[in-house]
Protein chains: 2
Amino acid sequence: MRYGINETLKKNQLSVTDSRKKILELFMRSNGALAHADIEHQSGTEFDRVTIYRTLQTFVEKGIIHTIPTADNSVRYALCKDECSEGHHHDNHVHFMCDDCGTTYCLDHVIAPQLSLPDGFNATRTDVVVSGKCKNCE
Amino acid sequence: MRYGINETLKKNQLSVTDSRKKILELFMRSNGALAHADIEHQSGTEFDRVTIYRTLQTFVEKGIIHTIPTADNSVRYALCKDECSEGHHHDNHVHFMCDDCGTTYCLDHVIAPQLSLPDGFNATRTDVVVSGKCKNCE
DNA sequence: TATGCTAATGCAACATTGTTGCAAAATAAT
DNA sequence: ATTATTTTGCAACAATGTTGCATTAGCATA
């Protein structure tokens, strides 16, 4: 089940402000991940650049969105599933980034297998980043 | 078998210059991955910042080093194994980044398993980024 | 619904990171 | 040794991200 915008903000003890509503709406409407620049463009001159940075930071801290490591090292964010906001770690997250159109997908139903690491290494998080062509760019 | 500094440069049809020798040496001496800033610090004021950027870019193009996607989206580089310079792709690269000390390791002997992607998605590259505590920070 | 407290925003200034064009210097080829 | 090519350093710029502080907006309370 999916929460609405105001519900999500309140559930996380965040004041309901215009910028937060707008940015959260952008994420909910987007099927892929968003970069800071995407949000800046799509929200026009409505909000200060600093506000966007701080809002994204807050959302990450609250577990509303998460960052995605990408092959080109650009910072991208995507909505977390409901479990995230309840304190779960983002273990074994699988993401797909299209080399053509740049769209980044969360492949929630793809399960990243457990790796056996060398002695002395302890994993708290595993990110799998797949690059290639997505279903729209074949 | 491991090539020397001059050999590696010549093999890749690169002029042997001070900055390239120094930067390649830093990589060969380092057991982990290096960020641009690491190189800038370790080489002092010897080279211009722009030269370092361009050298790293050249090395990536020639397959001498490769970039590593990290959980914190900082750009890091590491030496490629010999196969890389012969045109192989960096499929199934597994990297480990320590949350404490920030050291990034190439785990060459850990094999990333094949994933089955949804219809329409074709992978050309898979990066696995494991975060946690490394053997020195336990 | 008015009031006061707390939290978020906008602005300015700054730091860091990365890019580009071009003249000078170093390297390679002859 | 001389010439041609490549690389470097400098300057200037663009993009990205951070911090402090005054103003504004949201929220709880009466």
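Reckoned from all heavy atoms, side chains included, excluding hydrogens, waters and symmetry mates. Every chain is numbered from 1, with letters handed out A, B, ... down the list of sequences.
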Keeping [X] on the side-chain end and [Y] on the backbone end, is there a donor-acceptor pair under 3.5 Å?
| X | Y | answer |
| --- | --- | --- |
| A/Gln42 | A/Ile39 | no |
| A/Asp38 | A/Ala35 | yes |
| A/His66 | A/Ala78 | yes |

Next on the checklist: Can you give me the first and the last nucleotide of DNA chain D (5' to 3') that has an atom within less than 4.0 angstrom of a non-hydrogen atom in chain A?
Outcome noted: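 Taking any atom under 4.0 Å from a heavy atom of chain A, the span is D/dT16 to D/dC27.
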
Distance, rounded to the nearest Å, where [X] contributes [atom1] and [N] contributes [atom2]:
| X | N | atom1 | atom2 | value |
| --- | --- | --- | --- | --- |
| B/Arg76 | C/dT17 | CZ | C1' | 15 Å |
| B/Asp72 | C/dT17 | CG | C1' | 14 Å |
| A/Tyr53 | C/dT17 | OH | P | 13 Å |
| B/Leu56 | C/dT19 | CG | C1' | 14 Å |
| B/Ile52 | C/dT17 | CD1 | P | 12 Å |

Checklist entry - Do other residues, nucleotides or ligands put more than 12 heavy atoms under 6.0 Å from the NZ atom of B/Lys133? => result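 No, not enclosed.
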
Item to check | Within 6.0 angstrom of B/Gln13 CD, more than 12 heavy atoms from elsewhere | outcome: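 Open.
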
Item to check | SB check B/Arg125 B/Asp127 (cutoff 4.0 Å) | outcome: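 Yes.
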
Checklist entry - Any Lys/Arg nitrogen of B/Arg29 or B/Glu25 sitting under 4.0 Å from an Asp/Glu carboxylate oxygen of the other? => result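 A salt bridge links B/Arg29 with B/Glu25.
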
Next on the checklist: Between B/Leu56 and B/Thr67, does the side-chain contact (heavy atoms from CB on, under 4.5 Å) criterion hold? Intermediate values first, please.
Outcome noted: CA-CA 10 Å; B/Leu56 290 172; B/Thr67 61; over 6 Å; no

Checklist entry - Using rotation axes that map the C1' atoms of four end pairs onto the next four (five pairs an end), what angle separates the end axes of the helix from C/dT1-D/dA30 to C/dT30-D/dA1, to 10°? => result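 For the helix from C/dT1-D/dA30 to C/dT30-D/dA1, the axes at either end differ by 40°.
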
Checklist entry - How does protein reach along nucleotides 4-9 of chain C, written 5' to 3' as B (base within reach of a heavy atom under 4.0 Å), S (only sugar-phosphate), or - (no contact)? => result ---SSB

Next on the checklist: Centroid separation under 6.0 Å, is that true for the rings of B/Phe27 and B/Phe59?
Outcome noted: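 Centroid separation for B/Phe59 and B/Phe27: 6.0 Å or greater.
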
Checklist entry - DNA chain C: B/Lys10 or B/Arg49, which has the more 5' nearest nucleotide? => result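 Nearer the 5' end of the strand: B/Arg49.
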
Next on the checklist: Any donor-acceptor pair under 3.5 Å linking the side-chain atoms of B/His36 with those of B/His41?
Outcome noted: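 Note: B/His41 and B/His36 side chains miss the donor-acceptor criterion.
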
Checklist entry - Looking only at side chains, do B/Thr70 and B/Arg76 share a donor and an acceptor under 3.5 Å apart? => result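 Checked: B/Thr70/B/Arg76 side chains show no N/O donor-acceptor pair below 3.5 Å.
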
Checklist entry - Hey, does B/Glu46 reach any base, or is it just sugar-phosphate, or nothing, if we go heavy atoms under 4.0 Å? => result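 Since only primed, P, OP1 and OP2 atoms lie under 4.0 Å of B/Glu46, the category is sugar-phosphate.
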
